[in-house]
Amino acid sequence: MSNVSPSGPPMAASPLTRAVLEIDEYASSLGWDKPARLFALVDTAKLRAQAPNLVSPADDAQVSGLTPIEQEEIPRNKPLDKFLGTIAWPDSVAGCALTVERMMLPPSAETSVPEGLSDRELATWVAAHPDRQEVRMTVAVLRGGARESAIRLREKDSATEVLTGPDLVPGLAEALAATFA
């Protein structure tokens, strides 16, 4: 995966936001209905110093940024929260990110969710709901606590329609932050 290209996501103010948008664009290029993907975020300048062949000269504008490095595939037979609980990052990793597809309901539908459903029953109920939205969520955290998220709706699958913000997926951000504890 390369850093942001001229045809990639728009430039953003912070290196973390740029990394999230780069990962979102990468995941978008793979299409929908894909498994979750985990990324280490490393400081691009440090990466260039340690392994100059991994960062191309075209990435000079991103020297102060973060380079996402995709990790091995996440086991499909293990719940995501349990898998994240097994991760420990080396000191060279500045942060991490995860991209995952889910079904979501608009806030107006949340009041109609039946109580007492198991996780599996809730997923089935949401999947059958007429107002459900398929989304791809990309969430990143840094060791120092900074967070960023991007959400792309399947029905508005365009880089110009991606929502970003630090608090869009707080539960997933907390789970990722715990991998640095």
Side-chain angles (χ1 to χ4, degrees), residues 1-48 51-74 76 80 83-84 87 89 92-104 106 132-177 179-180:
M1 187 168 143
S2 67
N3 280 338
V4 178
S5 68
S7 62
M11 291 304 292
S14 80
L16 186 57
T17 302
R18 285 194 304 268
V20 165
L21 290 172
E22 178 182 348
I23 293 167
D24 171 76
E25 188 69 22
Y26 169 71
S28 177
S29 74
L30 301 174
W32 287 88
D33 304 317
K34 302 294 183 201
R37 295 183 176 316
L38 182 66
F39 299 82
L41 299 176
V42 296
D43 180 278
T44 302
K46 289 180 182 176
L47 180 62
R48 174 173 279 138
N53 60 328
L54 291 180
V55 182
S56 76
D59 297 328
D60 283 341
Q62 298 298 321
V63 170
S64 65
L66 297 164
T67 298
I69 301 173
E70 187 169 3
Q71 303 301 291
E72 291 183 27
E73 189 171 305
I74 296 173
R76 292 179 186 231
L80 191 55
F83 171 74
L84 291 176
I87 294 174
W89 297 103
S92 59
V93 174
C96 65
L98 181 79
T99 184
V100 62
E101 295 176 14
R102 291 290 186 256
M103 296 275 194
M104 294 182 73
R132 74 186 178 286
Q133 298 273 335
E134 290 182 71
V135 299
R136 182 181 302 115
M137 302 177 289
T138 303
V139 178
V141 299
L142 295 179
R143 281 187 189 273
R147 299 170 179 204
E148 187 62 71
S149 306
I151 295 180
R152 181 184 292 245
L153 298 173
R154 189 170 189 159
E155 71 178 32
K156 294 183 179 183
D157 193 0
S158 164
T160 61
E161 296 289 335
V162 174
L163 303 173
T164 61
D167 301 317
L168 297 178
V169 192
L172 188 51
E174 285 295 323
L176 289 173
T179 66
F180 291 103

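Every heavy atom of this structure was used, including side-chain atoms; hydrogens, water molecules and symmetry mates were not.
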With a cut-off of 3.5 Å and sequence neighbours excluded, list every side-chain donor-acceptor pair involving residues 141-150.
unit_1, atom_1, unit_2, atom_2, d
Arg143, NE, Val93, O, 2.7
Arg143, NH2, Trp89, O, 3.4
Arg143, NH2, Pro90, O, 2.6
Arg143, NH2, Val93, O, 3.3
Arg147, NH1, Glu174, OE2, 3.0
Arg147, NH2, Glu174, OE2, 2.6
Glu148, OE1, Thr17, OG1, 2.8
Glu148, OE2, Gly165, N, 2.8

Return the [atom1] to [atom2] distance between [X] and [Y], rounded to the nearest 0.5 Å.
| X | Y | atom1 | atom2 | result |
| --- | --- | --- | --- | --- |
| Arg152 | Leu163 | CZ | CG | 10.5 Å |
| Glu155 | Glu134 | CD | CD | 9.5 Å |
| Met103 | Gln133 | CE | CD | 10.0 Å |
| Arg154 | Arg132 | CZ | CZ | 10.5 Å |
| Thr164 | Asp24 | OG1 | CG | 10.0 Å |
| Leu41 | Leu176 | CG | CG | 9.5 Å |

So, for [X] and [Y], which heavy atoms are closest and what is the spacing to 0.1 Å?
| X | Y | answer |
| --- | --- | --- |
| Ala97 | Ala140 | CB-CB, 3.7 Å |
| Pro68 | Leu66 | CD-O, 3.6 Å |
| Trp32 | Asp157 | NE1-OD2, 2.7 Å |
| Leu38 | Phe83 | CD2-CE2, 4.0 Å |
| Arg136 | Ser28 | NH1-CA, 3.6 Å |
| Arg102 | Val100 | NH1-CG2, 3.2 Å |

| query | Leu172 and Leu84: side-chain contact (heavy atoms from CB on, under 4.5 Å), yes or no, with the steps? | reply | CA-CA 10 Å; Leu172 188 51; Leu84 291 176; 4.2 Å; yes

| query | Is the backbone of Lys156 close enough, under 3.5 Å, to the side chain of Glu161 for a donor and an acceptor to pair up by distance? | reply | no

| Does any N or O in the side chain of Thr44 come within less than 3.5 Å of the main-chain N or O of Gly65, such that one atom is a donor and the other an acceptor? | yes

Heavy-atom side-chain proximity of [X] to [Y] below 4.5 angstrom:
| X | Y | value |
| --- | --- | --- |
| Ile87 | Gln71 | no |
| Leu98 | Val139 | no |
| Val162 | Leu21 | yes |
| Thr99 | Glu70 | no |

| said: My understanding is that only residues two or more places apart in sequence, or in another chain, count here; which of them pass side-chain contact (heavy atoms from CB on, under 4.5 Å) with Asp167? | reply: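 Result, side-chain contact (heavy atoms from CB on, under 4.5 Å) vs Asp167: none returned.
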
| message | Going by the rule salt bridge (Lys or Arg N to Asp or Glu O under 4.0 Å), which residues pair with Glu72 if we only count those two or more places apart in sequence or in a different chain? | response |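 With neighbours one apart ignored, the set is empty.
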
